[in-house]
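Below: one structure, written as structure tokens.
Sequence positions, counted from 1, serve as the residue numbers for this chain.
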Amino acid sequence: MGLGATLEYISSMMKISHTSNNKRRQFHTVELKVRMDCDGCELKVKKTLSSLSGVKSVEINRKQQKVTVTGYVEANKVLKKAKSTGKKAEIWPYVPYNLVAQPYAVASYDKKAPPGYVRRVDHNMTTTETISRFEDPAYVTMFSDDNPNACSIM
């Protein structure tokens with residue numbers, strides 16, 4: 001009887017620690033950019049990501065190459081699982097342009113971004129690129145701000 005009670009106590013302790021571990025996991029939304037060309041690629045990615053434990057839903061927008069995974073998951077595990085399909089995958093690098101102070105700055109503007117999005121940049125990031133300004137008097141006087149129809153080229 002002493003051994004049976006001890007085993008029950010140990011098993012109940014394991015169950016408690018297992019359930020408390022699940023409560024610590026937080027609900028996340030992970031957005032990925034995954035290269036998908038056809039319905040087969042889309043189905044393969046959706047099936048693989050749905051099999052990950054903790055995933056509640058997988059939404060795919062093939063036109064934007066965007067996959068949204070919601071559930072009790074970690075971003076790096078979802079990214080690793082997406083890469084296991086053989087597709088090129090990365091964390092979604094874009095944010096809506098209205099959330100960026102200077103959306104057309106060199107660091108954030110990206111021609112490949114979907115409409116309404118710009119590249120995500122850190123505000124603490126220092127730019128290593130320098131913007132030079134070329135002011136040759138011949139080019140500056142070619143056009144007139146006073147009369148926009150007057151052009152010295154024509």
Q) Atom OH of Tyr94 and atom CD of Glu31: how far apart are they, to the nearest 0.5 Å? A) 13.0 Å
Q: Just grab all the side chain to side chain donor-acceptor pair (under 3.5 Å) pairs involving residues 35-47, residues at least two apart or on different chains.
A: Asp39-Arg62, Glu42-Arg62
(Q) Side-chain heavy atoms nearer than 4.5 Å, only ILVMFWY residues, links allowed to pass through others: does that put Leu32 and Val55 together? (A) yes
Q | Nearest heavy atoms of Ala89 and Lys83, plus distance in Å | A | O-CE, 3.2 Å
Q | Pair His28-Val78, side-chain contact (heavy atoms from CB on, under 4.5 Å): steps then yes or no | A | CA-CA 11 Å; His28 290 286; Val78 174; over 6 Å; no
Q: Give a yes or no on whether Val30 and Leu79 share a hydrophobic cluster (residues Ile, Leu, Val, Met, Phe, Trp, Tyr; joining criterion: side-chain heavy atoms under 4.5 Å apart).
A: yes
Q | Spacing of OG belonging to Ser57 relative to CG belonging to Leu49, to within rounding of 0.5 Å | A | 11.0 Å
Q. Any chain of hydrophobic side-chain contacts (each under 4.5 Å) joining Leu52 to Val34?
A. yes
(Q) Just verifying a value: how many Å separate Lys66 NZ and Met36 CE, rounded to the nearest 0.5 Å? (A) 11.5 Å
Q: Over all heavy atoms of both residues, which pair between Lys33 and Trp92 is shortest? Give the atoms and the distance, please.
A: CB-CE3, 3.8 Å
Q: Output the distance between atom SG (Cys41) and atom CD (Gln65), rounded to the nearest 0.5 Å.
A: 9.0 Å
Q) Does one hydrophobic cluster hold both Ile60 and Leu43, with members joined at side-chain heavy-atom distances below 4.5 Å? A) no
**Q.** Value rounded to 0.5 Å, distance of NZ in Lys81 from OG1 in Thr48
**A.** 6.5 Å
Q) According to a 4.5 Å side-chain heavy-atom criterion applied to Ile, Leu, Val, Met, Phe, Trp and Tyr, with indirect links allowed, do Val95 and Tyr117 form part of one hydrophobic cluster? A) no
